[in-house]
Amino acid sequence: MSFSQKILNWYSENKRSLPWRSTRDPYKIWLSEIILQQTRVVQGEPYYLKFIENFPNVQDLANASEERVLKLWQGLGYYSRARNLHATAKIVVNEYDGRFPNSYNELLKLKGVGDYTASAIASICFDEPQPVVDGNVYRVLARHFGVAIPINSTKGIKYFKRLATEVMGRKNIRDYNQGIMEFGAIQCAPKKPYCLLCPLNESCVALEKNLVQTLPIKENKTKVRKRNFNYLVWLDPNNKTILNQRRGKGIWQNLWEFPLLESENQLNEKEVRKELKEMVSGDDSFRLLSYNESLIVHKLSHQHLYTRFWIIESNVELENGISLEDLDSYPVPVLISDFIKAFKNSYF
DNA sequence: AACTCGGGGAA
DNA sequence: TTCCCAGAGTT
């Protein structure tokens, strides 16, 4: 029996029941694929359900505000996915008459749709024989065929795409693609796969050579940048506060946060007070207190944010202050939403 | 080719 | 802690 046939057989017996498995609607498949980029199924599934409920079709998504899209995306990370999702919805509505392109090559032109996602949509919705190559597929192929080329090298990316094309089998590409990913996620898991019961164990090169724990090979370790954040949580006599929207490049683009003082070294109370006096032009009729005793370390994959929240009780009314109830309507990073939640429970 | 972009779950 | 997740865009 061929490699692809064994995958198909395994899939038919072991596939999870997932909400996007029962449709060929390109909108829904596209949405699910964007959500699942670098994201576990269990984490993405509730977001998929929320998005379908709020935006049943691409027109609804295109007509929404970016604020609303980002708010629904809040907590999922990689927020450029949400911005590109929204932008692509508008393009599909305005330039494609509301219909998604139906081929790999055309899908590839959409924002946020790369090789993997174009292959996924083309195969699942339109039966086009394009193999998906995601993290699961890299692992399955590297192990089963004993490939030691780094999966994140230019050479590796080309090699595995070619290998995936050779072994895919073209008759049921829709189930095969989902099957090999599911197989990688459940059977050929990253750590401690249970090879004894694997339907492909007789032909697995990594198992034969005792390389299951070694493959796939990945090079480059991301170095972590350390940053010091001081968030200024204003509270005026009406308990209103201030949020700013992050613009430009960097993390959390277009999300909201409290006014931020970023510094080379962590600031103490005296230094924060000095900065504040300049901001309010000499007026020092405010109370300043540190909310968190020890620093909060918010860890992103390539940045560690050493964070302190400062509460500033001011006697001056803020002009465009935001009430604490309204804070929840803004899309904010998890670091901020965690604080808001704790703050509301503890401070009043 | 290397870097940037989140957050969370599992071992 | 470390690894990695149905990757893509930018430099």
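In what follows, every chain begins at residue 1, and chains take the letters A, B, ... in the order their sequences are listed.
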Pi-cation contact, F3(A) with K6(A) (under 6.0 Å, within 45°): no

Please tell me if [X] has a side-chain N or O lying less than 4.0 Å from either OP1 or OP2 of [N].
{"X": "H298(A)", "N": "dG6(B)", "result": "no"}
{"X": "W252(A)", "N": "dG7(B)", "result": "yes"}
{"X": "Q38(A)", "N": "dG7(C)", "result": "yes"}
{"X": "K191(A)", "N": "dT2(C)", "result": "no"}
{"X": "Y79(A)", "N": "dG7(B)", "result": "yes"}
{"X": "T117(A)", "N": "dA8(C)", "result": "yes"}
{"X": "H302(A)", "N": "dC5(B)", "result": "yes"}

With a non-hydrogen cut-off below 4.0 angstrom, is [X] in contact with a base, only sugar-phosphate, or nothing?
{"X": "V41(A)", "result": "sugar-phosphate"}
{"X": "G250(A)", "result": "sugar-phosphate"}
{"X": "S32(A)", "result": "nothing"}
{"X": "V334(A)", "result": "sugar-phosphate"}
{"X": "N177(A)", "result": "nothing"}
{"X": "L76(A)", "result": "base"}
{"X": "V42(A)", "result": "nothing"}
{"X": "W20(A)", "result": "base"}
{"X": "G75(A)", "result": "sugar-phosphate"}

Measure the distance from [atom1] on [X] to [atom2] on [N] and round it to the nearest whole Å.
{"X": "Y11(A)", "N": "dA6(C)", "atom1": "OH", "atom2": "C1'", "value": "11 Å"}
{"X": "R21(A)", "N": "dA6(C)", "atom1": "CZ", "atom2": "P", "value": "11 Å"}
{"X": "L108(A)", "N": "dG9(C)", "atom1": "CG", "atom2": "C1'", "value": "13 Å"}
{"X": "R81(A)", "N": "dG6(B)", "atom1": "CZ", "atom2": "P", "value": "9 Å"}
{"X": "Q303(A)", "N": "dC3(B)", "atom1": "CD", "atom2": "C1'", "value": "12 Å"}
{"X": "L300(A)", "N": "dG9(B)", "atom1": "CG", "atom2": "P", "value": "16 Å"}
{"X": "K223(A)", "N": "dT4(B)", "atom1": "NZ", "atom2": "C1'", "value": "12 Å"}
{"X": "N84(A)", "N": "dT10(C)", "atom1": "CG", "atom2": "C1'", "value": "12 Å"}

Ring geometry between Y27(A) and F100(A) (parallel below 30°, tilted from 30 to 60°, perpendicular above 60°): tilted

Stacking of Y116(A) on dG7(C) base (centres under 5.5 Å, planes under 30°): no

5' precedence on DNA chain C between P216(A) and K249(A) (nearest-nucleotide basis): P216(A)

Rounded distance (nearest 0.5 Å) linking atom CD1 of I180(A) with atom CZ of F183(A): 8.0 Å

Nearest-nucleotide 5' precedence on DNA chain B, K192(A) against K299(A): K299(A)

Same-atom distance (P) from dG6(B) to dT11(C), integer angstrom: 15 Å

dA6(C) versus dC5(B) - spacing of their P atoms, nearest Å: 23 Å

Under 3.5 Å donor-acceptor pair, S80(A) side-chain atoms to dG9(C) base atoms: no

Donor-acceptor pair present, R40(A) side chain and dC4(C) base, under 3.5 Å: yes

Out of dA6(C), dG7(C), dC4(C), whichever nucleotide has its closest atom nearest the side chain of K218(A): dC4(C)

Which nucleotide in dC5(C), dA6(C), dT1(C) has an atom nearest any side-chain atom of R139(A): dC5(C)

Residue pair Y116(A) / E33(A), side-chain donor-acceptor N/O under 3.5 Å: yes

Modelled atom types, side-chain donor and acceptor of S290(A) and E269(A), under 3.5 Å: no

Donor-acceptor contact below 3.5 Å, side chain R308(A) vs main chain N292(A): yes

Flag, side chain of N201(A) to backbone of C195(A), donor-acceptor distance under 3.5 Å: yes

